[in-house]
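Keep in mind it's a predicted model, so treat the numbers as computed, not measured. Throughout, protein chains are lettered first and strands after them, A, B, ... in sequence-line order, and every chain is numbered starting at 1.
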Amino acid sequence: MTLGPAFFDRPAPEVAPELIGATLLVNGVGGVLVEVEAYDQADPASHSFRGPTPRNAAMFGPPGHAYVYKIYGMHWCLNFVCQPGSAVLIRALEPQHGLDLMHQRRGVVAERQLCSGPGKLCQALGISIAQNGLPLDASPFSLSAADTRPDIAAGPRIGITKGVDTPWRFVVAGSLFLSKPLR
DNA sequence: AGCTTGATTGCCT
DNA sequence: GGCAATCAAGCTA
């Protein structure tokens with residue numbers, strides 16, 4: 001079943017764990033989501049904390065669309081917009097479709113390193129600012145709900161300096177495709 | 001107009 | 001484990 005606007009029109013911390021196990025494809029390339037993080041407007045770690053800006057405009061747009069931004073001057077990060085000002089960062093997935101293309105784009109041989117981090121995932125799937133604001137239930141995206149819900153674990157988010165104790169990182173317990181093991 | 005810093009990655013020791 | 005790469009958004013003035 002395709003995940004559309006109704007699924008995303010809820011608080012990000014509620015949506016995030018339900019995305020674990022879903023299948024994300026971009027132009028047919030992708031796999032099963034194994035690691036995500038939630039951000040909302042009351043959260044000092046969120047781009048939306050200080051209100052709308054040109055960069056984060058998509059976070060205040062319709063739910064179920066993509067929010068893509070560049071970090072550290074070189075990497076792209078993909079988010080799914082939930083209720084206004086909140087979104088879910090897609091951090092890692094288990095590669096299942098389009099492995100050849102992913103290897104080509106990433107230049108690595110180890111399958112576990114293809115999409116084990118937000119920047120890596122965007123490189124492997126060909127995500128850039130060109131996809132910012134696009135709906136997730138239409139081409140080039142394809143997002144389908146999990147058939148069976150995997151065991152989910154939660155912990156603190158990665159790489160932030162504010163809101164460090166908020167346990168809004170959700171992962172497939174014991175997955176070998178995470179950016180880092182859960183603490 | 002100038003300064004700081006980041007929801008990261010990969011290479012070096 | 002430490003740190004350079006690389007640059008624009010966002011903040012201070």
> Taking atom P of C:dA4 as reference, at what distance in whole Å does atom NE2 of A:His75 sit?
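The answer, rounded to whole Å, is 15 Å.
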> State which of B:dT9, C:dG10, B:dA7 makes the closest approach to the side chain of A:Tyr39.
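Selected nucleotide (nearest to the side chain): B:dA7.
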> Would you say A:Arg106 places a side-chain N or O within less than 4.0 Å of OP1 or OP2 belonging to B:dT9?
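For B:dT9, OP1/OP2 do not have a side-chain N/O of A:Arg106 under 4.0 Å.
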> Please state how far atom CZ in A:Phe49 lies from atom P in B:dT5, giving the value in whole angstrom units.
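Whole-Å distance recorded here is 18 Å.
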> Give the rounded distance in Å between these two atoms: CG of A:Asn79 and C1' of B:dT8.
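Distance check: A:Asn79 CG to B:dT8 C1' gives 14 Å.
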> For DNA chain C, find the residues of residues 56-63 of chain A with a heavy-atom distance under 4.0 Å and give them by number; none if there aren't any.
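Of all residues in residues 56-63 of chain A, none places a heavy atom under 4.0 Å from DNA chain C.
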> Quick one: does any side-chain atom of A:Asn79 pair with a main-chain N or O of A:Tyr67 as donor and acceptor, under 3.5 Å?
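Pair found, side chain donor or acceptor close to backbone of A:Tyr67.
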> Of the non-hydrogen atoms in A:Val29 and A:Gly98, which two are nearest, and what is the gap between them?
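Heavy atoms of A:Val29 and A:Gly98 come nearest at CG1-O, 3.9 Å.
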> Closest approach to the side chain of A:Lys120, judged atom by atom: which nucleotide of B:dG10, B:dA7, C:dG10 is it?
B:dG10
> Do A:Val81 and A:Val26 land in one hydrophobic cluster if side-chain heavy atoms of ILVMFWY residues count as linked below 4.5 Å?
no
> Which part of the nucleic acid does A:Leu89 contact within heavy-atom distance under 4.0 Å: base, sugar-phosphate only, or nothing?
base
> Are A:Leu24 and A:Leu136 side-chain neighbours, meaning at least one heavy-atom pair lies under 4.5 Å?
no
> Tell me, do A:Leu25 and A:Phe141 make a side-chain contact under 4.5 Å, heavy atoms counted?
no
> Can you tell me the base-pairing partner of B:dA7? Count Watson-Crick or G-U wobble geometry only, both distances below 3.5 Å, and say none if there is no partner.
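Across any shown strand, B:dA7 pairs with none.
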> Expressed in angstrom and rounded to an integer, what is the separation of A:Ile90 atom CD1 from B:dT8 atom C1'?
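Going from A:Ile90 (CD1) to B:dT8 (C1'), I get 16 Å.
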> With no hydrogens and no angle check, is any side-chain donor or acceptor of A:His97 less than 3.5 Å from a backbone partner on A:Gly30?
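Side chain of A:His97 to backbone of A:Gly30, a donor-acceptor pair under 3.5 Å: no, none is there.
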> Minimum heavy-atom separation for A:Gly117 and A:Ser179, please, with both atom names.
CA-CB, 3.9 Å
> Give a yes/no on whether any side-chain N or O of A:Thr53 is located under 4.0 angstrom from OP1 or OP2 of C:dA9.
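Indeed not, no polar side-chain atom of A:Thr53 lies that close.
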> State, yes or no, whether a side-chain contact exists between A:Leu143 and A:Phe8 at a heavy-atom distance under 4.5 Å.
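A:Leu143 vs A:Phe8: side chains touch.
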> Starting at atom CD1 of A:Ile71, determine the distance to atom P of B:dG6, rounded to an integer number of angstrom.
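To the nearest whole Å, that distance equals 8 Å.
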> What is the base-pairing partner of C:dT6, counting Watson-Crick and G-U wobble geometry with both distances under 3.5 Å?
none
> Using the P atom as the reference point in each nucleotide, state the distance between B:dG2 and C:dT6 in Å, no decimals.
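It works out to 23 Å between them.
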> Is there side-chain contact between A:Leu121 and A:Leu93, with at least one heavy-atom pair below 4.5 Å?
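Yes, close enough: below the 4.5 Å cut-off.
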> Pick one: which of A:Lys120, A:Lys180, A:Arg91 meets salt bridge (charged side-chain N to carboxylate O under 4.0 Å, His left out) with A:Glu35?
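The option that passes is A:Arg91.
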> Looking for any heavy atom pair under 4.0 Å, which part of the strands does A:Arg169 touch: base, sugar-phosphate only, or nothing?
nothing
> In whole Å, what is the span from the NZ atom of A:Lys180 to the C1' atom of B:dG10?
13 Å
> Please work out which residues in residues 152-164 of chain A have a non-hydrogen atom less than 4.0 Å from an atom of DNA chain B and list them by number.
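Output list: A:Ile158, A:Gly159, A:Ile160, A:Thr161.
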> May I ask you to decide if A:Trp168's main-chain N or O and A:Thr166's side chain share a donor-acceptor pair within less than 3.5 Å?
no
> Using OP1 and OP2 only, check whether a side-chain N or O of A:His47 sits under 4.0 Å from C:dA9.
no
> Show me the protein contacts with nucleotides 6-8 of chain C, counting only N or O atoms at under 3.5 Å.
from: C:dT6; atom 1: O2; to: A:Tyr72; atom 2: O; distance (Å): 2.6

> With clusters defined by side-chain heavy atoms of hydrophobic residues (ILVMFWY) lying less than 4.5 Å apart, directly or transitively, does A:Ile127 cluster with A:Leu101?
yes
> If we ignore hydrogens and angles and just use 3.5 Å, is the side chain of A:Asp40 paired with the main-chain N or O of A:Ser86 as donor and acceptor?
no
> Given the C1' atoms of C:dC3 and B:dT5, what is the spacing between them in whole Å?
16 Å
> Between B:dG10 atom C1' and A:Gln123 atom CD, what is the distance in whole Å?
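That distance rounds to 11 Å.
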> Rounded off to whole Å, could you give me the CH2-to-C1' distance for the A:Trp76 and B:dG6 pair?
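It works out to 15 Å between those atoms.
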> C:dG10, B:dT8, C:dC11: which one has an atom nearest the side-chain heavy atoms of A:Arg50?
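Out of C:dG10, B:dT8, C:dC11, the nucleotide with an atom closest to A:Arg50's side chain is C:dC11.
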